[in-house]
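Ligands are counted one by one from 1 in listed order, and the atoms in each one are counted from 1 as well. These values consider heavy atoms only, across backbone and side chains, with no hydrogens, waters or symmetry-generated copies. Given the structure is predicted, the values throughout are model-derived calculations rather than measurements.
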Amino acid sequence: MTLAGESDAQREALIQGLANLEEDNVLALARQRLSAGDDPLEVIGDCQLGMRRVGERYAAGEYYLSGLIMSAEIFREVIELAQPALELVQPAEPLGRVVVGTVQGDIHDIGKNMFGLLLSCYGFTVVDLGVDVPREDFVARAIAAQPDIVGLSGLLTMSHEAMRDTIADLRREAARLSLTFPILIGGGQLDEMICRYVGADYWSTDAMDGVHICQRLLGQTPAE
Ligand code: B12
């Protein structure tokens with residue numbers, strides 16, 4: 001995707017800067033936009049688009065694994081810059097407890113961490129199980145946390161199987177203990193069909209949208 005229009009030139013520069021792995025340039029552009037009062041979520045969203053381009057270049061053989069690693073480092077630094085602006089939305093009372101974790105076999109955690117960070121900013125208590133979480137571990141630790149909502153993350157296509165197995169076990173254990181909580185999945189290549197295939201209740205490929213789903217589930221009106 002290429003952005004068109006005058007004010008979009010700045011956004012395109014950030015997206016392209018990340019796609020080209022230009023660390024200093026990306027950080028300077030992000031700083032500039034944040035200090036001009038741009039929405040931190042938009043700045044992060046543009047970096048996410050840049051990451052997609054990195055992924056495409058990796059898939060096309062133009063980048064090696066080191067390119068993926070470098071993009072992750074730049075993204076982490078942008079999140080660090082944006083975090084103070086994100087924390088300004090923090091409400092007074094905790095809204096509920098959300099367990100998040102990346103499923104077995106998958107170590108991608110940037111999106112999960114971002115979802116967790118936004119949840120905290122919007123007043124949820126977050127229990128993060130980490131990455132590559134074996135299904136028995138996922139179930140035991142999620143249930144022990146007494147969640148209002150459970151969120152599973154996975155970016156690899158093969159993670160869908162791990163999600164399916166983990167969710168089946170989670171549901172079995174929750175039923176045995178007469179517990180109920182909605183299950184949400186997020187990450188790269190998801191859609192309604194995959195959501196049904198893995199047995200989740202909700203899905204999203206956008207962290208903020210995921211927060212809105214959690215707010216609605218707990219009876220809150222999503223604050224934009
Ligand atoms: C950075 C990166 C890495 C880094 C990850 C570092 C880290 N700490 O996470 C490293 C270098 C470790 C890595 C490794 C690999 N990667 Co990689 N990686 C990427 C890349 C470029 C960006 C991912 C990213 O962080 N994006 C930015 C975040 C913010 O976006 P996101 O993850 O989508 O998250 C957003 C939403 O999805 C959502 N979200 C995420 N989780 C959740 C959860 C819930 C509940 C909710 C509601 C929302 C939500 O919120 C986020 C913000 O909106 C992608 C390309 C792409 N298209 O995504 C490839 C990509 C995912 N990787 C890929 C591959 C193949 C690999 C490797 C197998 C490479 C290899 N040969 O070793 C390994 C796998 C290792 C493993 N076992 O997991 C492929 C996957 C292909 C596939 N369909 O399976 C991709 C798509 C690249 C490609 N086009 O080929 N990778």
Side-chain angles (χ1 to χ4, degrees), residues 1 15 18-21 26 39-80 82 86 98-119 121-122 124 126-134 138 142 147-163 166-167 170 181-191 194-195 198 200-217 222:
M1 184 184 90
I15 298 169
L18 211 147
N20 293 338
L21 305 173
V26 168
D39 181 351
L41 285 177
E42 190 177 272
V43 174
I44 291 171
D46 287 344
C47 291
Q48 202 177 332
L49 292 175
M51 298 285 265
R52 273 193 211 146
R53 290 188 195 171
V54 171
E56 284 157 15
R57 291 185 189 183
Y58 171 78
E62 291 169 40
Y63 281 158
Y64 298 107
L65 193 56
S66 54
L68 298 184
I69 295 170
M70 186 65 203
S71 71
E73 177 56 20
I74 301 175
F75 195 89
R76 189 193 59 73
E77 292 177 280
V78 173
I79 297 270
E80 236 172 65
L86 284 171
V98 185
V99 168
V100 297
T102 303
V103 294
Q104 184 156 21
D106 195 327
I107 61 167
H108 293 89
D109 68 353
I110 299 175
K112 165 187 71 65
N113 294 349
M114 211 179 124
F115 177 53
L117 171 67
L118 289 175
L119 282 169
C121 290
Y122 280 79
F124 290 88
V126 177
V127 179
D128 189 339
L129 305 181
V131 297
D132 188 14
V133 187
F138 204 114
D148 295 299
I149 299 169
V150 175
L152 291 83
S153 182
L155 262 71
L156 301 173
T157 310
M158 70 172 197
S159 300
H160 302 159
E161 290 305 320
M163 281 181 172
T166 307
I167 291 172
L170 255 177
F181 44 78
I183 299 179
L184 172 64
I185 54 167
Q189 318 289 321
L190 300 178
D191 57 27
I194 293 166
C195 180
V198 305
D201 300 305
Y202 303 90
W203 66 278
S204 178
T205 53
D206 179 85
M208 198 58 228
D209 177 52
V211 172
H212 289 157
I213 295 173
C214 294
Q215 288 175 317
R216 281 189 212 100
L217 284 169

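Between Glu161 and Val103, the closest side-chain pair of non-hydrogen atoms is not below 4.5 Å. Using a 4.5 Å cut-off on side-chain heavy atoms (C-beta onward), Met51 and Ile110 make contact. Residues Asn113 and Val100 are not in side-chain contact: their nearest non-hydrogen atoms beyond the backbone lie 4.5 Å or more apart. Looking at Val131 and Lys112, their side chains come closer than 4.5 Å, going by heavy atoms from C-beta outward. Between Pro147 and Val127 the shortest side-chain heavy-atom distance does not fall below 4.5 Å. Side-chain contact check for Leu170 versus Phe181: some heavy-atom pair is nearer than 4.5 Å. For the pair Asp128 and Asp109, the minimum side-chain heavy-atom distance is 4.5 Å or more. With contacts defined as side-chain heavy-atom distances shorter than 4.5 Å, the pair Leu152/Val198 does not qualify.
Considering every non-hydrogen atom in both Asp209 and Ser204, the closest pair reads OD2-OG, 2.8 Å.
Heavy-atom proximity to Gly210, at under 4.0 Å, picks out these atoms of ligand 1: 47 (C). If you number the atoms of ligand 1 from 1 as listed, the ones under 4.0 Å from a heavy atom of Asp106 come out as 78 (O). For ligand 1 and Ala59, the ligand atoms under 4.0 Å from any heavy atom of the residue are 89 (N), 90 (O). Close approach of ligand 1 to Ile69 is summarised as follows: ligand atoms under 4.0 Å from at least one heavy atom of the residue are 11 (C). Below 4.0 Å from some heavy atom of Leu156 lie the following atoms of ligand 1, by number and element: 64 (C), 76 (C), 77 (N), 78 (O), 80 (C), 84 (O). Listed by atom number, the atoms of ligand 1 under 4.0 Å from Leu155 heavy atoms are 23 (C), 32 (O), 58 (O), 61 (C). Counting atoms of ligand 1 from 1 in the listed order, those under 4.0 Å from a heavy atom of Gly187 are 37 (O), 39 (N), 40 (C), 41 (N), 42 (C), 49 (C). Which parts of ligand 1 touch Phe75 is read off a 4.0 Å heavy-atom cut-off, strictly below it: atoms 29 (C).
Asp106 contributes no side-chain N or O that, together with a main-chain N or O of Gly154, makes up a donor-acceptor pair within less than 3.5 Å. A donor-acceptor pair under 3.5 Å is absent between the side-chain atoms of Tyr122 and the main chain of His212, judged by distance alone. Under the 3.5 Å distance criterion, the side-chain polar atoms of Asp46 are left unmatched by any main-chain donor or acceptor of Ile15.
Here's the thing with Ile185: none of its N/O atoms is less than 3.5 angstrom from an N/O atom of ligand 1. Close N/O approach between Glu56 and ligand 1 is not found [any backbone or side-chain N/O within under 3.5 Å]. The shortest N or O to N or O distance between Tyr58 and ligand 1 is below 3.5 Å.
Neither the backbone nor the side chain of Asp132 comes within contact range of ligand 1; no heavy atom lies under 4.0 Å.
Using a 4.0 Å threshold on non-hydrogen atoms, atom 38 (C) of ligand 1 counts as touching the protein. For atom 81 (C) of ligand 1, the nearest protein heavy atom is 4.0 Å or more away.
Nearest protein heavy-atom neighbour of atom 55 (C) of ligand 1: Gly55 CA, 3.6 Å. Scanning all protein heavy atoms for the shortest distance to atom 8 (N) of ligand 1 gives Asp109 OD1, 2.7 Å. For atom 31 (P) of ligand 1, the closest heavy atom belonging to the protein is Gly111 CA, 4.1 Å. Among all protein heavy atoms, the one lying closest to atom 41 (N) of ligand 1 is Ser153 OG, 2.8 Å. Looking from atom 84 (O) of ligand 1 to the surrounding protein, the closest heavy atom is Thr157 N, 2.9 Å. Looking only at protein heavy atoms, the nearest one to atom 45 (C) of ligand 1 is Phe115 CE2, 3.5 Å. With hydrogens left out, the protein atom closest to atom 78 (O) of ligand 1 is Ile107 N, 2.7 Å, a heavy atom. At the shortest separation from atom 24 (C) of ligand 1 among protein heavy atoms lies Met51 CE, 3.7 Å.
Counting heavy atoms only, Gly105 comes closest to atom 77 (N) of ligand 1 of the residues Gly105, Ala60, Gly67, Ser71. Nearest residue to atom 4 (C) of ligand 1 from His108, Glu73, Arg52, Met70 is His108 (criterion: closest heavy atom). Checking Ser204, Ala207, Gly186, Gly188 against atom 44 (C) of ligand 1, the nearest heavy atom belongs to Gly186.
Within a 6.0 Å sphere centred on CD of Glu73, heavy atoms belonging to other residues, nucleotides or ligands number more than 12.
Of the options Ile44, Val126, Val211, a side chain to side chain contact (heavy atoms under 4.5 Å, CB included) to Leu118 is made by Val211 and by none of the others.
The closest approach between Leu190 and ligand 1 stays at or above 4.0 Å for every heavy atom of the residue.
Arg76 and Glu80 are joined by a salt bridge, as a carboxylate oxygen and a charged side-chain nitrogen come within less than 4.0 angstrom of each other.
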